[in-house]
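Okay, so here's the structure we're looking at.
All figures in this text were calculated on a predicted structure; none of them were measured in a lab. Note on naming: letters A, B, ... go to the chains in the order of the sequence lines (proteins, then strands), and numbering restarts at 1 for each one.
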Amino acid sequence: MNKPGSAPGPDFVRAIVAEDNRTGKWGGRVVTRFPPEPNGYLHIGHAKSICLNFGIAQENPGGVCHLRFDDTNPCKEEDEYVESIKENVRWLGFDWGKHLYYASDYFEQLYQWAVKLIEKGRAYVCDLNADQIREYRGTLTEPGRESPYRNRPVEESLDLFRRMRAGEFEEGSRVLRARIDMASPNLNFRDPVMYRILKVAHHRTGNQWCIYPMYDFAHGQSDSIEKVTHSICTLEFEDHRPLYDWYLEQLEIYHPQQIEFARLNLSYTILSKRKLIDLVEGNYVSGWDDPRMPTISGMRRRGYTPEAIRAFCNRIGVSKSDSLIDIALLEHHVREDLNLRSPRVMGVLDPLRVEIINYPEDTVEELEAVNNPEDPAAGTRNIPFSRVLYIERDDFMEDPPKNYYRLAPGREVRLRYAYYITCREVIRDEQSGALTGLRCTYDPQTRGGGSPDGRKVKGTIHWVSAAQAVEAEVRLYDHLFSRENPNEVEEGGNWTDNLNPDSLKVLPACRVEPSLAGAAPGERFQFERKGYFCLDPDSRSGRLVFNRTVTLRDTWAKILKQQQGGEESK
RNA sequence: UGCCCGAUGGUGUAACUGGCAACACGUCUGACUCUGGAUCAGAAGAGUCCAGGUUCGAGUCCUGGUCGGGCAGCCA
């Protein structure tokens, strides 16, 4: 049972590791690995795996976690991706130490092992083409047929395989296959391809090879070479485990244990590498680090912290059942972390001009504001106040509903850290009638936000002094998809139909307090009452650009929604 | 019409070798508050996919179903 406030109990993977430690199965060693293919950017689903693998290594004395690039398919893999992956893993707070590996480092050994299997009569060179191999494989319900090349003499396969390596044959003309069982109910056993000819330069080995091992023939052996104890992967490899085991047994080499867990699914989010590539290449987003992307780079740019992502990964647990995790849980952890560490600041996203008619024209005074109520050590700062201010447009309503306790004609509110003001006059554009500003009076007795007469003011709103405010662009983000499960598509539709047209809203003319002028890209702030924001690298001097990381919890929005919902249902 | 895996409040995850289901998110109340934030206090919400069986006792074990997911790349 869980105790109140405690972390979830150990998941089934950790339970296996603990049991193995108890029985001494691996002599007390714990070696895991995170094995990305460098063909795309890491996303939150990978973060789950990273936290699991590196986490288990950290939790066990002497445990280590390797970072190994599974680079067996040169057609899709690039250095750009390996660099981004390394950076992302580091940013998440994990360290592989000296244990950085590449499957491509093992190509020669893998080749030798392939030769060994041929010699044992457990592999053969097959001259069938791709279509024929598919045909011969059979179907889910029918057994396959044996390749006519299956019983070719060992010497002949050996010679052919050597010549495949030497580049004597065309791409696709031959493959090396394991010789297992064409009638196996597990399709992975129907003489799986071990090597294919690919006359493509590899990002690390260049043109040294023109044959490349398949995942199944590389992964287990790589684990074996590295003396991995627990090879943790996702559920879709469950059917591959018998083959993983088969190769290691046939080769008679060190044999790690493969354990599979369910991959992460997040509501309103897509986590298929393929589809993420489509989003980038189709220009649906600005790039891999678009703040709406579920990539580590995107979340980082958005303002998420590694601590928040790790806390999220710990909270969701690890199991074998398919699930769809509510993105609200991720956002909860982001808020929880940011609340403690973000300096508070005032920024007006949709400015409405306010003139304090009884405040002197040329005076500017400095008012003291608390930087972070959650952290007294963060200290205070001064913010300028003067006759002309901006407040948030929706902090004023001409005809407010019940429960609205901000500014309205004749009503008094508190300007945070400043004075009480009362709305005296509404100014409109003569042509359009649009609201262009307010005239208010202030009560000089309320400097700093308190009143000597103890009069209660329910509403407190944020503001900036017009003359000193800094102009900024603010980018508001919403879920990239408007459907909880973006993979659910109407008949004849496409998953991109589920893209949320309002996932990005750019506000070009926001005003923020002057203390923000010197902020550095990546710096995070709470704009009081609005949310958490992070300075985007697109900022230039004199042109600040902020990304909204996540809103604050908004009770008022909830009340509004309820009221509207109530009206609709009537 | 094959093989593998899974099924616990709205969501996710727990419940040591069987002892009348817990934690977190979300939801709802209330308190407090110079952020309708944070914090604090409290509430509702599942009888564990179904049917049998074993047992004094089953979410945990057995049998048979149902539903969901994965697998027919020279991708990983």
Side-chain angles (χ1 to χ4, degrees), chain A residues 1-11 15 35-37 39 70 72-73 75-76 126 128-130 133-134 137-144 171-177 184-190 192-198 212 214-216 218-219 233-242 260 262 267 273-274 315-326 328-333 335-336 339-340 344 346 369-370 373-374 403-406 414-418 420 446 448-450 457-462 526-531 551-559:
Chain A
M1 298 258 169
N2 282 334
K3 295 183 184 86
S6 70
D11 54 72
E37 182 189 11
N39 69 341
D70 227 328
T72 56
N73 183 359
C75 308
K76 304 200 229 166
C126 181
L128 257 26
N129 65 36
I133 286 183
R134 189 181 320 118
R137 185 157 31 228
T139 68
L140 293 176
T141 51
E142 300 158 22
E171 239 178 65
S173 61
R174 280 176 235 266
V175 292
L176 182 71
R177 291 227 254 168
S184 172
N186 181 344
L187 304 233
N188 295 126
F189 268 17
R190 322 247 263 227
V193 172
M194 293 164 59
Y195 268 91
R196 74 287 213 190
I197 299 170
L198 254 24
Y212 293 93
M214 299 287 290
Y215 166 86
D216 285 311
H219 199 89
C233 62
T234 43
L235 247 30
E236 66 270 27
F237 292 101
E238 224 159 6
D239 287 341
H240 293 245
R241 182 169 13 107
E260 309 87 12
S267 60
K273 240 189 203 180
R274 168 84 220 291
R315 185 40 79 180
I316 59 178
V318 179
S319 74
K320 299 191 70 158
S321 50
D322 289 306
S323 59
L324 181 62
I325 287 171
D326 191 343
L329 183 60
L330 211 209
E331 291 170 346
H332 160 78
H333 285 284
R335 288 193 186 99
E336 187 173 65
N339 174 46
L340 298 176
R344 270 60 169 176
M346 290 200 283
V370 172
E374 303 292 330
N403 305 331
Y404 184 85
Y405 41 84
R406 280 114 89 166
R414 172 167 38 233
L415 294 179
R416 174 135 243 228
Y417 298 126
Y420 291 5
T446 58
V457 178
K458 184 100 171 158
T460 300
I461 64 174
H462 60 281
Q526 185 198 96
F527 286 12
E528 295 218 22
R529 307 206 304 134
K530 286 277 124 185
T551 60
L552 251 29
R553 269 189 61 217
D554 192 345
T555 310
W556 173 243
K558 211 172 278 179
I559 294 170

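Under 3.5 Å, the side chain of A/E238 and the base of B/G69 form no donor-acceptor pair of N or O atoms. The base of B/A24 lies outside donor-acceptor range of the side chain of A/H333, with no N or O pair under 3.5 Å. Evaluation of atom-type donor-acceptor distances gives a pair under 3.5 Å for the side chain of A/R406 against the base of B/G36. Not a single donor-acceptor pair, N or O on each side, falls under 3.5 Å between the base of B/U13 and the side chain of A/R315. Taking only distance into account, the side chain of A/D239 meets the base of B/G70 through a donor-acceptor pair shorter than 3.5 Å. You'll find a donor-acceptor pair under 3.5 Å spanning the side chain of A/Q526 and the base of B/U35, going by distance alone.
Close to B/G69, at under 4.0 Å from its OP1 or OP2, lies no side-chain N or O of A/S323. Taking 4.0 angstrom as the limit, A/R529 places a side-chain polar atom (N or O) nearer than this to OP1 or OP2 of B/G36. Of the side-chain N and O atoms in A/R416, none sit less than 4.0 angstrom from OP1 or OP2 of B/G37. Proximity of A/R196 to the phosphate of B/G73: no side-chain N or O atom is located under 4.0 Å from OP1 or OP2. For A/T72, no side-chain nitrogen or oxygen approaches OP1 or OP2 of B/C75 to under 4.0 Å. The shortest distance between the side-chain N/O atoms of A/R553 and the OP1/OP2 oxygens of B/A38 is below 4.0 Å. Between B/U13 and A/S319, a contact under 4.0 Å exists linking OP1 or OP2 to a side-chain N or O. Remark: A/R134 is in phosphate contact with B/G73, judged by side-chain N or O atoms under 4.0 Å from OP1 or OP2.
Look at the C1' atom in both B/U48 and B/G6: the space between them is 15 Å, to the nearest Å. Here the separation of B/G70 from B/G57, taken at their P atoms, is 40 Å to the nearest Å.
Ranked by how close their nearest RNA chain B nucleotide is to the 5' end, A/K558 and A/L415 are led by A/K558. Each of A/C126 and A/N186 lies near RNA chain B, and the nucleotide nearest A/N186 is the one positioned closer to the 5' end.
Regarding A/L198, its CG atom lies at a distance of 12 Å from the P atom of B/C74, rounded to whole Å. Counting to the nearest Å, the P atom of B/G12 and the CG atom of A/L330 are 15 Å from each other. In this structure, A/D322 places its CG atom 14 Å from P of B/U11, rounding to the nearest Å.
The closest donor-acceptor contact from the side chain of A/S184 to the backbone of A/N186 lies under 3.5 Å.
Closest to the A/P185 side chain, of the nucleotides B/A72, B/C3, B/G26, is B/C3.
In this structure B/G10 sits in the anti conformation; its chi angle is more than 90° from 0.
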Grab the N/O contacts between the protein and nucleotides 48-50 of chain B below 3.5 Å, and write none if there aren't any.
none

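By the stacking rule of 5.5 Å between ring centres and under 30° between planes, A/W556 stacks on the base of B/G36.
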